[in-house]
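All remarks here apply to the structure that follows.
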Number of protein chains: 2
Amino acid sequence: MPKTVDHDERRSMILGAFVTLAVRDGLHAVSMRSVAAEAGISLRLVQYYFKTKAGLMQSGLAMLENVSNERWEKRVLSLPEASTAKETLRALFAEALPTDRQRREFHLLWTAYAVLGQTDPEIPNHMVVAGPSRLLQRVVSLFRQGKALGEFDIELDADSEAAVLLGLIHGLSTAVMIGLQSGDAAMELLTCHLDRLDVGKK
Amino acid sequence: MPKTVDHDERRSMILGAFVTLAVRDGLHAVSMRSVAAEAGISLRLVQYYFKTKAGLMQSGLAMLENVSNERWEKRVLSLPEASTAKETLRALFAEALPTDRQRREFHLLWTAYAVLGQTDPEIPNHMVVAGPSRLLQRVVSLFRQGKALGEFDIELDADSEAAVLLGLIHGLSTAVMIGLQSGDAAMELLTCHLDRLDVGKK
DNA sequence: GTTTTTATGATACGACTGTATCACAAAAAT
DNA sequence: ATTTTTGTGATACAGTCGTATCATAAAAAC
């Protein structure tokens with residue numbers, strides 16, 4: 001084997017250029033050539049590492065999910081060790097709402113992929129649903145845990161509350177994205193929503 | 001003046017072809033030529049009636065908002081005359097959730113425009129926010145009305161509740177769109193959410 | 001040292017894009 | 001009847017796209 005170049009490192013460098021362009025010009029406007037130029041390499045190399053454009057797009061989505069999962073993981077682990085379910089959920093709000101550049105980029109790209117997945121056979125729907133589906137299960141178990149520990153009303157349905165909360169997060173994120181709501185207002189609304197689920201509030 | 005052709009009718013016929021293609025192939029994949037072919041006319045005519053592609057895209061968004069407003073208007077007017085605010089809001093759920101082809105198409109296209117508005121200077125953000133902004137005000141006044149008539153708890157903040165409800169509608173719609181939730185489940189969740197705002201539930 | 005495998009560059013092909021131009025038909029205005 | 005305005009077709013231009021091909025450098029394997 002030749003030149004001994006770190007394949008994975010190269011791939012993620014190219015994906016970095018891909019994300020930069022997708023955020024700046026829109027996911028649909030990314031081309032093999034523009035990625036090559038942004039990464040400072042030749043078109044041939046982008047082809048070499050990702051074969052086709054569909055491969056590049058799919059890898060982009062996969063990386064997006066990975067990065068987001070890692071960020072959320074990290075944030076949860078950096079919480080005080082015996083945190084309540086409510087505090088963990090508030091950390092989720094902070095991670096999900098597009099209140100700074102990184103998070104705006106994620107929400108923008110994920111939504112673009114979700115739209116693309118509806119019409120483009122190259123982005124199969126299961127790749128789009130996989131992330132939210134895992135997250136939903138996680139939130140469900142957080143609600144179960146919160147109920148068991150007496151944080152939340154024992155009557156409430158964990159599946160329903162998780163679905164509502166995730167929907168609310170995404171919807172408010174979009175509202176923030178288009179400038180209908182401020183990031184602070186959205187955070188406040190989510191907090192209030194969660195507070196309504198407290199024990200004894202019925 | 002010649003041939004006396006109905007300009008507006010022609011424009012909306014072309015926009016019909018535009019929507020058909022945008023839903024089938026994705027908003028980004030629509031081209032002047034494909035619209036011409038779909039409408040059964042020549043490329044020149046699409047140019048003639050919409051001048052540039054940006055003009056076509058902007059008109060598409062404007063038509064989308066108009067059609068949606070008309071449908072919502074019609075649905076509210078067809079309600080029994082002295083309907084409660086809650087019932088009017090439930091009509092909004094039914095209109096907004098992507099439970100059939102028409103409503104799926106609207107949600108898909110609107111989201112595509114919202115994404116496009118983040119990166120494409122040809123789709124200024126204010127065109128995207130205008131619709132949701134009007135809708136928000138409307139929902140706010142429905143909450144005020146509901147409070148005044150004793151449907152809702154007098155303590156709740158109309159602005160906050162409206163923002164939450166709209167966010168929830170959009171978020172659940174996206175969940176339905178990607179297949180994370182069923183349309184029926186989303187409708188049920190929205191109904192339950194509204195029921196929690198009833199008087200005496202605190 | 002030759003062979004084989006990995007990595008990279010240059011370039012070409014056909015298809016498609018938005019826009020512009022030239023020509024012309026047909027109806028209204030004069 | 002001529003002129004002017006409105007509507008329509010055909011076509012050309014320059015650019016970009018994804019993909020494929022040919023050549024080759026360089027390192028490892030033998």
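Bear in mind the structure is a predicted one, so any value in this text is a computation, not a measurement. What's counted below: heavy atoms across the whole structure, side chains too, no hydrogens, waters or symmetry copies. Here is how names work: the chains are called A, B, and so on, in the same order as the sequence lines, proteins then strands, and each is numbered from 1.
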So [Y] and [X], do their side chains get closer than 4.5 Å, heavy atoms only?
X	Y	value
B:K147	B:E161	no
B:M63	B:R11	no
A:F18	A:V46	no

For [X] and [N], what is the distance between atoms [atom1] and [atom2] respectively, to the nearest whole Å?
X	N	atom1	atom2	answer
B:R44	C:dA20	CZ	C1'	9 Å
B:M32	D:dT16	CE	C1'	17 Å
B:F50	C:dA20	CZ	C1'	19 Å
B:K53	C:dC16	NZ	P	15 Å
A:I41	C:dA10	CD1	P	13 Å
A:L45	D:dT24	CG	P	18 Å
A:D120	D:dC17	CG	P	17 Å
A:L56	D:dC17	CG	P	13 Å

Determine, stepwise, if the pair B:R101 / B:E105 fulfils salt bridge (Lys or Arg N to Asp or Glu O under 4.0 Å). CA-CA 6 Å; B:R101 210 190 93 256; B:E105 288 183 358; 3.1 Å; yes
Using a cut-off of 4.0 Å on non-hydrogen atoms, how would the nucleic acid contact of B:L43 be classed: base, sugar-phosphate, or nothing?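 Base, at least one base heavy atom under 4.0 Å.
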Within the structure shown, what part of the strands sits under 4.0 Å from A:Y49 by heavy-atom distance: base, sugar-phosphate, or nothing? sugar-phosphate
Side-chain donor or acceptor of B:R33 under 3.5 Å from a matching atom on the base of C:dG18? yes
Return no unless some side-chain N or O of [X] is found under 4.0 Å from OP1 or OP2 of [N].
X	N	result
B:Y48	D:dG7	yes
A:H7	C:dA7	yes
A:S31	D:dT16	no
A:R10	C:dA7	no

Side chain of B:Q47 only, heavy atoms from C-beta on: which candidate in D:dT19, C:dT19, C:dC22 is closest? C:dT19
Where the side chain of B:T52 is concerned, which of C:dT19, C:dT8, D:dT8 is the nearest nucleotide?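 Among the listed nucleotides, the one closest to the side chain of B:T52 is C:dT19.
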Check the orientation of A:W110 and A:H170. Use parallel for under 30°, tilted for 30 to 60°, and perpendicular for over 60°. perpendicular
